[in-house]
Structure formats: C-alpha cells, structure tokens
Amino acid sequence: MQITINGRNIEAAEGSTILQTARREGIEIPTLCYLEGVNDIGSCRLCVVELSGSEELVPACNTKVKEGMVILTHSERVKAARRMVLNLLLSEHYGDCFSCEKNGDCELQKYCIEYGVETTEFTGARKEKNFKKKDAHPFLSYDPDRCIECQRCVKTCSHVTGRGAIWLGKTGMFSIIDAPFGEDWKNTLCESCGNCAQACPTGALTVKRRKAYRAWEVEKVRTTCPHCATGCQMDLVVKNGKIVDAVGADGPSNHGLLCVKGRSGSFDFVDSPERIRYPLIKNKATGEFERATWEEALSLTASKFTEIKNQYGGEALAGFACSRSANEDIYMLQKMVRTVFGSNNTDNCARV
Amino acid sequence: MSKIYLANSRLSDAKIGPLLKKFSNKVNVYPPGTCPLTVQLSLLQASRNQTCGKCVPCRDGLRQLEKMLIRILRGRADMDTLIEMKELAAMIRDSADCAIGYQSAIEVLEGLETFKEDYISHIRRQECTGITGQKIPCVTLCPAHVDIPGYIAHVQEGNYDKAINLIRRDNPLPTACAMICEHPCEERCRRNLIDTSLNIRGVKKYAVDQIAADKVEVPRANPATGKKVAVIGGGPSGMTAAYYLSLMGHKVTVYEAKERLGGMLMYGIPNYRFPKDRLDEDMNAILSTGNIEVKYGVNVGVDVPVEEIHKSYDAMYVAIGAQAGKKLRLEGIDAKNVFSAVEMLDEIGHDRKPDYTGKTVAVIGGGNVAMDAARSALRCGAADVRIVYRRRQEDMTALDTEIESAVMEGIELMLLQAPKSIEKDEEGNCCALWTQPQMIGPYRSGRPAPVDAASKEPLRIPCDVILIAVGQDIVSAPFEEFGMPAQRNVFQAGLDTAIANMPGIFVGGDCATGPATAIRAIAAGKVAAHNIDEYLGYHHKLDCGVKAPDARPNNRIPTGRVNIQERPAYLRKHDFEHVECPMTYEEIQQECGRCLRCDVFGCGKLDGAVDK
Ligand code: SF4
Ligand code: SF4
Ligand code: SF4
Ligand code: SF4
Ligand code: SF4
C-alpha cells in the first residue's frame, strides 16, 4: 500500500507499523520504550507523529499503516511534544551522567541531546529519590533514580526470558519497577541472565561490570558463546586488548539474548592467572608439573594411549570433548577416537 | 493444567465500592461558593490518581499540571504559568494513550477557558474573584434564599407558625413550595457527606400541613407610603412582589387575566399535585397584608393598554409568565382533537374536564407539562395514555419523580420517537400519530442529540387525542409594542429585574427567563419588590418577627432520608385528589434531626454566608 511520510511516497507492507515502515526507509523516529517484537506498549510517547485527519498525535510504534496515510515525523508540533516528553522524563530522573554506567550509550541521553533538552523545566513531583535501589546481586543492579518506567525490562523478562521475575512494584502515579536484585536475590525467580539489563535504554538496570568501561573506549568482537550447543552470538567487549564484558548479538539462535553463563561466565577465565597457557608434564620425582614443548607433550600422550590400546584394546579408551570447543574440533576428536583408538566411546558435554 | 479463579471478594476492587460512593457524594456536594480552581485541583488530583502509570504524558504530566495549579492557588505563579499549563495540557491531550490521560487534559483546557477570570485573579491578585466564598448550601441554592435550617429547626421544635413566618420572610408561598417546589436547595445539602440530602420540601410540607398558611398571621404592614404599584400577573412572581410591596406600605394593584390568582400554579399544575384549596391558603395570606387590590379578568395589553397602566402607577412589575403552549409544525396538526397541553390543563383548572373515556391519548413532549397532561388525561378517563418523546428517558426535562409516578400509573413512554405527521380520518379527527424512530447521537450543546434512525421504518401510533407539550411561549407582543425589550419573546432585564433605560418598569418570572420553576419566579418577585421600594425612594427592612431557634448538636449517625409517600397508583390515577400522603410526626422528627444546621456550624457563622 502507498503511504506518505514527510512528503515522500512510500510503499508500505500490510500489517507493518508506521515505525517499521519509516525505519526501513531510513527515516529515524525516536523511541524509548519500544523494543521490536518485545515491547510496543506505547508508553514513552516519544515516537508520536502527526497523522493527517487525526486531531491527536499517534504513536508510530504501535499504529499500523493504512492505505493513504499522510504522516509527518518531525513537524514542529511533533518535536514540541517530544521535547515535552523528555522534559517530563528528566523531571523524574535523578541521574548524573558522569557517574553513570550508561554514559555515552544511553538512549535517554542520546535523545535529550538530539532534542536539545539539557535540563528539565519541571521539578520532580512523583518519585522519591534513592528509593529502593537494588544492588545486592553479584552481576546486576537497579537504580530507580535513573529509571524511566518504560517497562522494557519487564516485558523482556516475562516474554523473552520467560521468567517474569521483574515487575511493577507500585502502579499509577507511584510506578516503580520491582527488580529482583535486592538482598533476597537468590530466592527470586531471577536466573541472572541479564537480558533485562541489555534491554534497558538507560542506566537504571545495568550489568555491574559496565562501571569498568565507557562506550567509546571499547571495541566489539563478534563470536559464538563458548558454552553450550545453542551457539548464541555474542559480542565480546574489548578495552585495551582485554575482554571486559559480553553482550548478546543478534544471531539466528539467540536474537540478542544470552543466558547467565554466556553473559557472565564466558570470558573472565581468558585472563585468569590460573589458566594453563602451555603444555605441562609432571615430574615423577618431584611431583611438580614442569613446562614442556608441544612436541614432548603430544609424544608422551600418544605413547601412553598406544600402550593402553595394545595392552587392553581400543575399547579401554574413550574421548570426551569439551562443549566450549568448536564443532570442527569436536568432530576431529570423535574421528580420532573412532579411527585411531578404534573405540565408539566418545561424547561431548554440550547439553544445557 | 493452569486453573482460573473467581474474583476474590477481599480484593480492593470489591471493597473499594463504598469508598467510591463516599467520594462521589463528597464531590457532588462541593459547597456553593467554592473557588472553581480548587474543584479543578480536586479533579486533577483524581485524574492523576487514576493514571495507570504507563505513559509519560499522563503519568508525569498530570502531576506537573497539578503542581502548576497549586502554584497558582498559592499565589506564586505568573501569566506564563497559564501558557505553560496550556502547552502541557495540549500535549497530554494529543499524546496520552487512553481517556484517563487525554480526557483529564481536556478538562484542564476547558477549565482554563471557563474560569479564565478566576485564574487571572489568582495570578494578578493572589486571591479568588470576589464572587466566591463558602456559604450555607441549601440557603444559597434556594433561589429565594429562604432560611432553611431556621425553619427546619422550628418544625423540629414544633413551632409550625414560626416556621411558616420565617419562610415567608423570603418566600410568601410556603404552601406552593411545600407541594411542588423542585427543591434545588437539596442538591448540595451538607448532609450528603454523611448519608443523603435532607427532604427539605418534606419538612416544609409538614409545617403547612399542621397549620394552614392563612391561619398564620402575617407581619403588620408599614404605614402607607402613598405610592402605587401595578403588578401585572397574579402568578407566583407577581403575588410575591405584591406581598412584600404591600408589607412595605405601598398600594398594590394586581391585574390578573383569569378568575383566580396563582397563574400556572392555579391553571397549569393539576389538582392532584397541588390542590387548589391549598393554593388559596397562600393567596389569602398574601391578600391579608391589606394593601393589595386584585383586578380579575383584566388582560393587560388587550383590555387595558400597557401605556395606561404605566402612566397611572409609580412603578410597574410585569410578571405575565409563559402562558401559551408552543406550537408544533407538523403535517396534519389542524386535525380535530389535537390540543395544546397547556390549554387542556387550563380547561381542567377551570373545572371543565374533558371526557376521554375509553380514548387513547398521545402526549408529545418530555417535560413536566407532558407528565401533567398525561396523568390528567388518565384521570379524565383515557383508556391508554402514551408519552411520545424524541430523546431518551434520561434526557427528559421532567423531574425523575414525575416520570416515575406517571409510569407507575400505567403511562407508557414511547422514547426516541420524533413526531412526523398526524393522520386524520374522513371527518378530520386525528386517528394516529406517525413518528420517525430516532437513534441517540453525539452531544450537541451539552446534551446528546437524537438523529433519524435510518434503518427504522416510521411508526404509526394509533390515538384519538393528541396533546402537545413541547414548551410554552410568552405573550410578549403588547409589552414589546409598549417598548419593553425582548429576545425571542423573553423580556430582557438585569439581575435586579429592572429594565435598562425604563425607570420604574420591572419584569421577572417565566416571562423574563422562559418557562422555569415557581421558586425562581418567587425569587424574582422578591428581588423586584425590594428594588421597586428602592426606586420609589425607600429602603424598607421587613421584619418577620421570627429568628431561628438555638441549634441542637449535630446528629452524626447515618440515617436514611424519609421520602414523601404517594397514594397507591391504582387508586390515585382515577381521581384528581392530592397524590401525596402526609408525613408522620416520627418521620418529621427524624428528618429534621438530620439537619446539620449549617447556619450555626461551619461557615454559616461567617459574614457573607447568607445571600439576600
Ligand atoms: S541513565 Fe542515561 S541519562 Fe541517566 S544518568 Fe545514566 S547516562 Fe545519564
Ligand atoms: S536477569 Fe534475566 S531472569 Fe533476572 S530479571 Fe533479568 S531478565 Fe529476568
Ligand atoms: S529499568 Fe530500564 S528497562 Fe526497566 S523500566 Fe527502568 S528504564 Fe526501562
Ligand atoms: S493515558 Fe492511560 S495508558 Fe497512559 S498512563 Fe494514563 S492511564 Fe495509563
Ligand atoms: S444539613 Fe441542613 S442546613 Fe445543611 S445544607 Fe442540609 S438542610 Fe441545609
């Protein structure tokens, strides 16, 4: 169907929203509460646009296109409404960007800068400052002072993670998010996956590690999670050559999500002092492991295996692959077990 | 398997019901004289408390609007605050997701317009406009400002004569108001905070039922002033003016076109609602003041030129009412047996009852006159009476109790039927009313308007008689020719009932407002009398000789309101006898005991709490 956005004729797909259509055409409409496929409750009203024939402004995120719609995404009226939204949000937002984990990567900050709302005209009227900060969880923390109650976290946990561990603690005027990161975090439904933190547009719900880096100091390296066979795509966040965080990337099996292991248990070992970085052979006399060359180590292992195979037969041997290995490596391992060992005793721990 | 459950009765949604009831009661009885901005603030607070908290404009914006309004009320705002409020409210109206948000903003925007002066007063002068200030609710809302708590207390103490005289201080028709007043005084009675409005009319009725008004001596008139005042029209407004003018010592001549006094009370309101002998009690009491001469059967403007009256008197009060039934432009309206309801009631008032035995009567209209005509038709023997109205029942202007009584007597309401034409038989008699069914539509000037229901066929309502009750007209022509200004036949006067640039000519009642209530006509008569007195160069203060008795302590126990009972419908519908039953001593004691004496407790003690 044909619609017009900002004077441009655009072919829109039946069933799609104004926002989807505009974004596909490269027309940016700001959103805060919207999360594709997860949250379209239309709460922030930042995405409102002017629609001919409608007295009110309509939210682009959850208004479906209709034949012949004429839309203005950046009229003065729309921009004024957006500025008002940001003003109102800031009035209930006690944040200090300097000390905020999200500084530089915050959507609220981004739009405030874009719309020139540096301070708010209003003074807060609804929220208590420092009320119910939740910070006892080892990885995650929630600071209501920075929360804009967009509910992206809520919908993510209930609809995507499937836990429903985070919800509205109070409603209406007194709306506040009840996050499961307080002293009793172990007794909540939360499985610590951190998908809520990744969904949060602000610095309200964050992975604590973020404190250690700023968005502009890091680069991201796309990789596959080393844990299970789901094969989630993730970006390792690298600062000065060191991995400082992992965030979900949009892969075919995970669509941006990660589990607790992927997000918080998949990289710190990289720089662990306990990590074995070269082959070691135990000195029988002293009982200590001593550094060896690959040549020495592999020869020793091969000779021991051959010994066992000759004495007890291949069936006495088994090969077990680590789930963190790549498929190709695991394939090679079972191939070796079957052809070289002459055994079918082979498996892999990649089960979640 | 996941189970589902019935609603838990402990849930606050269930428990909240009575609280909401109390809340709405409280809102309904905001005391008269309240600053509109504080009501706006309450509304805004209720709005922001209803936000679900989802969207920013409503959740955070309404709270900011509230803060601005509080700033204005505190006298800490400037004119920019109004602009900011408007901008924010417009943005909330345009972008909130649901009615809780956008409708609240619309209310703020409307309030900013409607109460512009009040906003500006609060900003410029840091205070309300002069016209606010809490007052005694019932006294303020009674158009004649009768001392209601005072006479209620007298009734409670058994001083019925004092009660009547205290009423007459502001309203010389206590019996009329006891029988048929629409009691606007009850609307915001403070008793609603505890249970329900006092039955104020009931208390008054009890008083005049104990002792007839003409058995209670009126105050003595002042010495004669020698001034002559003409009152044109012997209805409630004219007779009220005559009463006070006479007490002041002026010589009053009442010109009444008909044979008896009372106007619409006599010839419009059927006997079963207000027995004529009871009306005479008020009229006799008024005449007993001594300075009133009534010229019956004189139709001013027809029998005597207005000019002549004007020349022969020092002042003149025109209170001719709205006597003519409005005409309906309808095909076949000239059929035989099609009458104006007002004329039909007038005939009955003259003791000339039509004989409708066995006939089917259709009444067109939805006001009190329609109810009166329909119920009277029934009492004239009609086999079937139907009220045909183009809107819904809740849109009828008749009092709910009148509608209810009519329905109880077996009158059918045919709603959403717009009269289309009248069908005649060969002899030219009406034999049916054709209507076009309606569907209720969007609001127009404040109320939902009916529109033709396109998919419904016209309806034929067989009938032998049609009574038309679609409003009354004022016969203003002779007075307009004389020079009195009128708009669509309604005379134009100031709130002091005086006509601009026509010294000595006053006008009030239905003819200056369009058809309204008796008590408004009475109030106009009272105002006219005082202003005529001033005009004649006097400043009489009338003393009714009665004061309100001391107050008993408030009775705080929630107690039901005693309503006036009516005779059983199956009996009363066959006669013109009064339909209402007397209240008992116990009932009236309990009812009087509920009055909170707002004249003594609360703001009633403050200066300016009583309107004159
Ligand atoms: S959440 Fe965003 S806007 Fe708020 S302090 Fe953090 S960076 Fe700044
Ligand atoms: S960490 Fe995961 S499970 Fe816990 S609240 Fe967030 S999304 Fe839900
Ligand atoms: S914590 Fe973040 S995602 Fe959740 S409601 Fe607050 S701002 Fe939105
Ligand atoms: S406008 Fe409706 S949906 Fe939005 S916050 Fe208000 S009540 Fe909730
Ligand atoms: S309680 Fe009595 S004085 Fe108060 S408003 Fe009601 S009737 Fe009037």
Side-chain angles (χ1 to χ4, degrees), chain A residues 32-33 39-51 54-63 75 77-93 108 111 120-127 147-151 154-155 168-177, chain B residues 2 11-13 16 41 43-72 74 76-78 80-106 108-109 442:
Chain A
L32 276 173
C33 66
N39 202 26
D40 68 345
I41 59 173
S43 74
C44 72
R45 314 312 274 187
L46 200 61
C47 70
V48 288
V49 295
E50 222 176 305
L51 174 65
S54 155
E55 275 183 31
E56 57 267 11
L57 304 171
V58 301
C61 72
N62 60 15
T63 307
S75 66
R77 186 161 159 238
V78 165
K79 286 195 280 187
R82 288 186 190 147
R83 275 194 295 274
M84 196 68 98
V85 164
L86 293 167
N87 260 298
L88 288 170
L89 281 176
L90 284 193
S91 73
E92 303 294 344
H93 174 271
L108 177 61
Y111 291 127
T120 175
E121 302 164 15
F122 306 117
T123 42
R126 188 168 64 79
K127 285 191 345 194
C147 177
I148 58 170
E149 283 87 22
C150 69
Q151 305 204 35
V154 173
K155 287 269 182 179
L168 271 181
K170 287 197 274 185
T171 56
M173 245 250 306
F174 306 100
S175 271
I176 187 171
I177 301 294
Chain B
S2 77
L11 274 182
S12 48
D13 279 345
I16 217 168
L41 178 64
L43 188 63
L44 194 47
Q45 281 166 337
S47 305
R48 59 100 158 133
N49 282 343
Q50 286 183 19
T51 180
C52 76
K54 188 182 89 170
C55 26
V56 179
C58 162
R59 179 189 72 203
D60 296 330
L62 292 179
R63 192 76 169 89
Q64 293 296 339
L65 283 178
E66 179 194 351
K67 282 184 70 175
M68 295 176 191
L69 183 48
I70 289 177
R71 219 158 66 220
I72 294 172
R74 288 210 176 125
R76 284 273 170 273
D78 51 28
D80 286 346
T81 314
L82 284 187
I83 299 172
E84 285 161 27
M85 266 186 95
K86 235 184 218 160
E87 277 175 6
L88 179 53
M91 177 268 190
I92 299 171
R93 174 198 62 200
D94 291 347
S95 64
D97 205 19
C98 83
I100 293 176
Y102 61 74
Q103 197 59 31
S104 306
I106 290 172
V108 169
L109 289 167

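A note on names: the letters A, B, ... follow the listed sequences, proteins ahead of strands, and every chain is numbered from 1. Being a predicted model, the structure only gives us computed values, none of them experimental.
Using a 4.5 Å heavy-atom cutoff, the side chains of A/L86 and A/T120 are not in contact. In this structure, the side chains of A/E149 and A/R126 come closer than 4.5 Å at one or more pairs of heavy atoms. Looking at heavy atoms from C-beta onward, B/M91 lies out of side-chain contact with B/E87 at the 4.5 angstrom threshold. Considering only heavy atoms from C-beta on, B/L43 stays 4.5 Å or farther from B/V108 through its side chain.
Ranked by non-hydrogen atom pairs under 4.5 Å with chain B, the options A/T171, A/L168, A/V85 are led by A/V85. Between chain B and the options A/A81, A/P59, A/A125, A/S91, the largest number of non-hydrogen pairs under 4.5 Å is found for A/A125. If you tally non-hydrogen atom pairs under 4.5 Å between each of A/N87, A/V58, A/T123 and chain B, the highest count goes to A/T123. Ranked by heavy-atom pairs under 4.5 Å with chain B, the first of A/K127, A/M173, A/E56 is A/M173.
Neither the backbone nor the side chain of B/E66 comes within contact range of chain A; no heavy atoms are under 4.5 Å apart. With a 4.5 Å cut-off on non-hydrogen atoms, B/I100 does not touch chain A at all. With a 4.5 angstrom heavy-atom cutoff, B/A96 touches chain A only via backbone atoms.
Put simply, the side chain of A/S175 gets close to the backbone of A/G172: a donor and an acceptor are under 3.5 Å apart. For the pair B/D78 (side chain) and B/T81 (backbone), a donor-acceptor distance under 3.5 Å is present.
Partners of A/R77 under the salt bridge (Lys or Arg N to Asp or Glu O under 4.0 Å) rule, at least two apart in sequence or in another chain, are A/E50, B/D94. Remark: A/R82 engages no residue in a salt bridge (Lys or Arg N to Asp or Glu O under 4.0 Å) (not counting sequence neighbours).
Among residues 51-64 of chain B, the residues having any heavy atom closer than 4.5 Å to a heavy atom of chain A are, in sequence order, B/T51, B/C52, B/G53, B/K54, B/C55, B/V56, B/P57, B/R59, B/D60, B/G61, B/R63, B/Q64.
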Return a table of donor-acceptor pairs under 3.5 angstrom between the side chains of residues 39-49 of chain A and protein atoms on other chains or two or more places apart.
from	atom 1	to	atom 2	distance (Å)
A/N39	ND2	A/C33	O	2.8
A/N39	ND2	A/C150	O	3.2
A/R45	NE	B/S95	O	2.5
A/R45	NH1	A/G42	O	2.5
A/R45	NH1	B/D97	OD1	3.3
A/R45	NH2	B/S95	O	3.2
A/R45	NH2	B/D97	OD1	3.2

